[in-house]
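For reference, the structure discussed in these notes is given below.
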Amino acid sequence: MDCELRFPTMVRYPEPEVFARSVRGAHIVDARRRGKYIFLGLEGGATIVVHLGMSGQLRLVDPQTPFESHTHVVFGLDDGRQLRYRDPRRFGRLLYGTEPELIAMRALPDLGPEPIDPAFGAGDLYRRIHHRRAPLKALLLDQAAVAGIGNIYADESLYRARLRPDRRGNTVSKNAAVRLHQALRESLELGIANRGASVDTYRDAWGEIGGQQEQLLVYGRAGQPCFNCGRPLSLVRIAGRSTVFCRRCQH
DNA sequence: TTAAATTCCTGTAAGC
DNA sequence: TGCTTACAGGAATTTA
C-alpha cells in the first residue's frame, strides 16, 4: 500500500510523516467497526483508524477517477485501486497504531458498549444512565455511555421509546430503560438495513447514497405532523444539538 | 465526577 | 443579483 497525505493535519496520531512512513508497504488484512470508528487492520497488529466526523467519506475507486475536491488522503492499494479519504468540513480524523497504544496515548477515547451487541442488555443500559442527571439526549450522544449514537439515531430512538429528550437519566424507570434499549436496536438495525441515512453528504465506499433518510420518524421533521398523533413535532436545542420530538407522545 | 459551553470547519440556505 | 449571516454536527477541550 502507498499513502499520500494531501492535507496532513487530517492525521491526529502519530505525526503525519510518521503515519505515512508507517503505512507505506503495509498490507490491510481486515476491516471492522467500533462505535463511529473504522479500523483497518494491518499485518502485524497495527491499525489505521478512521473517523468520518460529519462529512468524511472513504471511497474505493479506480485511479483514473477524477479527484473530487477535499480529497485529503489517498491510499494506493496493492490491487491497483485507490482508497480515498475525502472530508469537506474536516471534522474527521485518521490515526495509526495498535489499539492498546492508541488508548494509552488518549488518541482513542473510552467507548461504551455497542447497542446492537447481543451481550448488551437493557439492565446494562439502565445502570449506565440511572445515576446521571444529564438529559437523555446528551447521554445517548455521550460515546462513553453508549457507543455509536449520533444526533439522528438519538432522536429516532427517543421517539420510538416514547421518552422526552430532556428527561433526566435519573428519572428513567427500568421499564423505560427496556423501551429505550429496544428502540436503540431498532433504530440502528433499520439504518443498517437501509445502508445509512444520506440526510446530508453520506455516501458508502462505492459512492452510493443510503435510504434511511426516507424512513426517519422525527429527525429533520420539525413542524411536520407526528406519525402517531398528528401534532406538529417540536424543535428544541439540547446538548448543543437540534432535537426534534413529539410533546404529546414522548414523556 | 459530571454537566454545560466552546471550538473547529465549510457548504448550503435564508434574509436583506 | 450579491452579500452577510445562521446553521448543520462529533468530540476534544475548557469552564463551572
Side-chain angles (χ1 to χ4, degrees), chain A residues 5-14 16 33-39 49-58 67-73 85-95 97 102-112 114-115 126-158 164-172 184 187-188 191 196-203 207 209-210 212-213 216 218-224 233-245:
Chain A
L5 298 179
R6 297 158 55 102
F7 198 99
T9 54
M10 294 313 304
V11 175
R12 300 303 169 85
Y13 184 91
R33 177 198 63 81
R34 174 85 173 94
K36 299 175 186 173
Y37 291 84
I38 297 166
F39 289 78
V49 183
V50 182
H51 193 304
L52 300 176
M54 273 299 297
S55 56
Q57 299 176 359
L58 275 177
F67 269 85
E68 292 188 90
S69 56
H70 309 292
T71 299
H72 303 315
V73 181
Y85 180 75
R86 169 171 192 265
D87 188 358
R89 279 176 242 184
R90 306 211 297 272
F91 268 28
R93 60 203 54 211
L94 283 80
L95 312 113
L102 292 171
I103 290 169
M105 296 308 294
R106 306 216 159 199
L108 274 181
D110 273 332
L111 292 176
E114 299 285 333
Y126 179 75
R127 277 188 287 283
R128 284 173 174 273
I129 62 177
H130 87 281
H131 60 98
R132 309 262 317 247
R133 278 168 306 197
L136 288 177
K137 174 67 180 272
L139 295 178
L140 290 182
L141 293 177
D142 179 359
Q143 303 300 299
V146 180
I149 306 293
N151 206 33
I152 294 174
Y153 293 99
D155 279 10
E156 295 294 299
S157 300
L158 288 165
R164 282 178 65 109
D166 56 356
R167 266 280 288 277
R168 306 273 156 179
N170 59 358
T171 70
V172 169
L184 286 166
S187 305
L188 288 173
S198 296
V199 157
D200 198 353
T201 57
Y202 174 74
R203 298 291 185 276
I209 67 170
Q212 181 61 17
Q213 66 282 0
L216 297 176
V218 287
Y219 180 89
R221 297 194 60 247
Q224 297 176 49
L233 295 170
S234 298
L235 174 64
V236 294
R237 223 169 162 76
I238 301 175
R241 299 287 165 255
S242 65
T243 301
V244 183
F245 73 107

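To find a chain, count down the sequence lines: A is the first, B the second, and so on, and within it residues start at 1. Treat the numbers as computed from the prediction; the structure is a model and nothing was measured.
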Salt bridge (charged side-chain N to carboxylate O under 4.0 Å, His left out) partners of [X], counting only residues at least two apart:
X	value
A/Asp87	none
A/Arg168	none
A/Arg133	none
A/Arg128	none

How bent is the helix from B/dT2-C/dA16 to B/dC16-C/dG2, measuring the angle between the end axes built from five pairs each, rounded to 10°? 50°
Look at the side chain of A/Asp155 and the backbone N and O of A/Tyr219, then say whether any donor-acceptor pair between them is shorter than 3.5 Å. no
If we ignore hydrogens and angles and just use 3.5 Å, is the side chain of A/Arg167 paired with the main-chain N or O of A/Gly169 as donor and acceptor? no
Could you pull out all residues at least two apart from [X] that satisfy ring pair (Phe, Tyr, Trp, His ring centres under 6.0 Å)?
X	answer
A/His70	none
A/Tyr13	none
A/Phe7	A/His72

Determine the contact category for [X]: base if any of its heavy atoms lies under 4.0 Å from a base atom, sugar-phosphate if only primed atoms, P, OP1 or OP2 are that close, otherwise nothing.
X	answer
A/Phe7	nothing
A/Arg237	sugar-phosphate
A/Ser242	sugar-phosphate

Side-chain polar contacts of residues 140-153 of chain A - donor-acceptor pairs under 3.5 angstrom, sequence neighbours left out - could you list them?
| residue | atom | partner | partner atom | Å |
| --- | --- | --- | --- | --- |
| A/Asp142 | OD1 | A/Ala144 | N | 2.9 |
| A/Asp142 | OD2 | A/Arg132 | NH1 | 3.4 |
| A/Asp142 | OD2 | A/Arg132 | NH2 | 3.3 |
| A/Gln143 | OE1 | A/Gly148 | N | 2.8 |
| A/Gln143 | NE2 | A/Leu141 | O | 3.0 |
| A/Gln143 | NE2 | A/Ile149 | O | 3.0 |
| A/Asn151 | OD1 | A/Lys137 | NZ | 2.7 |
| A/Asn151 | ND2 | A/Ser242 | O | 3.0 |

Can you give the first and last nucleotides of DNA chain C, 5' to 3', that have an atom under 4.0 Å from a heavy atom of chain A? C/dA8 to C/dA12
Please give, in whole Å, the distance from [N] [atom2] to [X] [atom1]?
X	N	atom1	atom2	value
A/Lys137	B/dA4	NZ	P	14 Å
A/Arg128	B/dA3	CZ	P	14 Å
A/Arg132	B/dT1	CZ	P	13 Å
A/Leu141	B/dA3	CG	P	13 Å

Using nucleotides 7-10 of chain B, report all nitrogen or oxygen pairs with the protein that are shorter than 3.5 Å.
| residue | atom | partner | partner atom | Å |
| --- | --- | --- | --- | --- |
| B/dC9 | O3' | A/Arg90 | NH2 | 3.3 |
| B/dT10 | OP1 | A/Arg90 | NH1 | 2.7 |
| B/dT10 | OP1 | A/Arg90 | NH2 | 3.2 |

Just to verify, what does A/Tyr126 make a side-chain contact (heavy atoms from CB on, under 4.5 Å) with, not counting sequence neighbours? A/His130, A/Lys174, A/Ala177
Assign each of A/Arg106 and A/Gly53 to its nearest nucleotide of DNA chain C by heavy atoms, then name whichever residue's nucleotide is nearer the 5' end. A/Gly53
Heavy-atom nearest nucleotide on DNA chain B taken for A/His131 and for A/Gly240; more 5' hit belongs to A/His131
